[in-house]
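Some notes on the structure that comes next.
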Amino acid sequence: MRTRFKPKNLRISVAVALLASCGVPLAHANDAGSNDSWRFQATPYVWMSGMDGQVRPLRQAPLIDVDKSFSELMDSLDAAAFITGTARRGNFVMQGDFTHASTSDSTSLPIGLAARVKVRQTSATVSAGYAWKSTERTGIDLMGGLRYWDISAAVNVPGLVSARSESSFVDPIAAVRWRQALAPRWSSLAYVDVGGFGVGSDSTWQVLALANYQASDNLHLSMGYRHLSVDYRDKGRRLDVALSGPMLGVTYLFGKGRSSASL
């Protein structure tokens, strides 16, 4: 029987822990296949996501229904860092992403006690692929890789109980990315990936749409929308959630093969 239980600290903590579960390239220089020099980019970004779904952080815990906006999720954030990087040479592309978020909060329990909850999430994604189509105006990348997740949650009720849950797993992923030049300084990016396949999580997928503006030869600004879904179950624990919201990023381009063209 499902129990509807909505403690603010658990909802917010788990949600923020997932805010950057996978790496997303926000902007790219022109990818002409004839260019044999290495091109690099680094992109710090933020994701203003809300969250809905169901979570059971501990085996003995009830199933928690989650429905929170971005502003509500920010209340318990302690620290966060999201950054992704890409390297290209000719038609070969490599991508890496690192995310970290930690939260803490306290709430009153129905029996009159106070509980303290801490959640820490770290993820790392490495993928590589081939520029199947690469022209001055259009680029289509086909990629595959691995995404590592490490999520820990600690619950402490002074004088009564202290419990800790740790989950780490690796998801294989497959992705397609389409970049299109729209104007001299404007471009668009569409990205889709799927993964899990029962290896790490049961399933995970995401879609992303962005508009990019070339502010200078080596700087792009990005804004758009992202949706991510993940379904993970292990020994009574459950994480079945969807996150959606706008994104903002700043991309710095460098390397001998850097191009000032828009996507």
Side chain to side chain donor-acceptor pair (under 3.5 Å) involving S127 - partner list, sequence neighbours excluded
none
Using a 3.5 Å distance criterion without hydrogens, assess whether the side chain of W47 forms a donor-acceptor pair with backbone atoms of G245.
yes
Run the side chain to side chain contact (heavy atoms under 4.5 Å, CB included) test against A87 and tell me which residues pass, sequence neighbours left out.
W38, F40
Heavy-atom side-chain contact between R233 and D240 under 4.5 Å
yes
Residues at least two apart in sequence or cross-chain that pass side chain to side chain contact (heavy atoms under 4.5 Å, CB included) with F169, listed by chain then number, are W149, D171, S201, Y232
Regarding T138 and Q180, do their side chains bring together a donor and an acceptor under 3.5 Å, going by distance alone?
yes
Measure across Y45 and R226 and return the closest heavy-atom pair with its distance rounded to 0.1 Å.
CE1-NH1, 4.1 Å
Would you say that R177 contacts L189 through its side chain, given a criterion of any heavy-atom pair below 4.5 Å between the two side chains?
yes
Partner set under side chain to side chain donor-acceptor pair (under 3.5 Å) for S167, not counting sequence neighbours:
R237
Is T204 reaching over with its side chain to a backbone N or O of S229, donor-acceptor style, under 3.5 angstrom?
yes
Please determine if D97 and R147 form a salt bridge, counting it only when a charged side-chain N lies under 4.0 Å from a carboxylate O.
no
One pair to check against salt bridge (Lys or Arg N to Asp or Glu O under 4.0 Å): D141 and R179. What are the steps and the verdict?
CA-CA 9 Å; D141 298 330; R179 305 174 310 282; 2.5 Å; yes
Nearest 0.5 Å, what's the CG-CH2 distance between D193 and W205?
10.0 Å
Identify, with sequence neighbours excluded, every residue that meets side chain to side chain donor-acceptor pair (under 3.5 Å) alongside D202.
none
Holding to side chain to side chain contact (heavy atoms under 4.5 Å, CB included), I want the full list of residues that pass it with W132, two or more places apart in sequence or in another chain.
Y130, I140, L142
So, S222 versus N212: side-chain donor-acceptor pair below 3.5 Å or not?
yes
Does the side chain of I173 come within less than 4.5 Å of L146's, by heavy atoms?
no
Report yes or no: does R89 contribute a side-chain atom to a donor-acceptor pair with the main-chain N or O of S37 at less than 3.5 Å?
no
Between M247 and M223, is any pair of side-chain heavy atoms under 4.5 Å apart?
no
Do P172 and F197 have side chains that approach each other closer than 4.5 Å (heavy atoms only, starting at C-beta)?
yes
So L219 and V250, side-chain contact (heavy atoms from CB on, under 4.5 Å) or not? Walk me through it.
CA-CA 7 Å; L219 191 69; V250 178; 3.5 Å; yes
Between A181 and S187 the two heavy atoms that sit nearest each other are CA-CB, 4.1 Å
Take H227 and S244, measure what side chain to side chain donor-acceptor pair (under 3.5 Å) needs, and give me the verdict at the end.
CA-CA 4 Å; H227 174 90; S244 301; 2.5 Å; yes
In the hydrophobic cluster built from side-chain contacts under 4.5 Å, what are the other members alongside Y225?
none
Sub-4.5 Å side-chain heavy-atom contact between F254 and R39:
no
Can T84 and T43 be counted as having a side-chain donor-acceptor contact under 3.5 angstrom?
no
Between V126 and M143, is there a shared hydrophobic cluster once you connect ILVMFWY residues whose side-chain heavy atoms come closer than 4.5 Å?
no
The criterion is side chain to side chain contact (heavy atoms under 4.5 Å, CB included); which residues satisfy it with A209, sequence neighbours excluded?
none
Establish, from distance only, whether the side-chain atoms of Q95 and R88 form a donor-acceptor pair under 3.5 Å.
no
Drop me the distance from F82's CZ to T99's OG1, to the nearest 0.5 angstrom.
6.5 Å
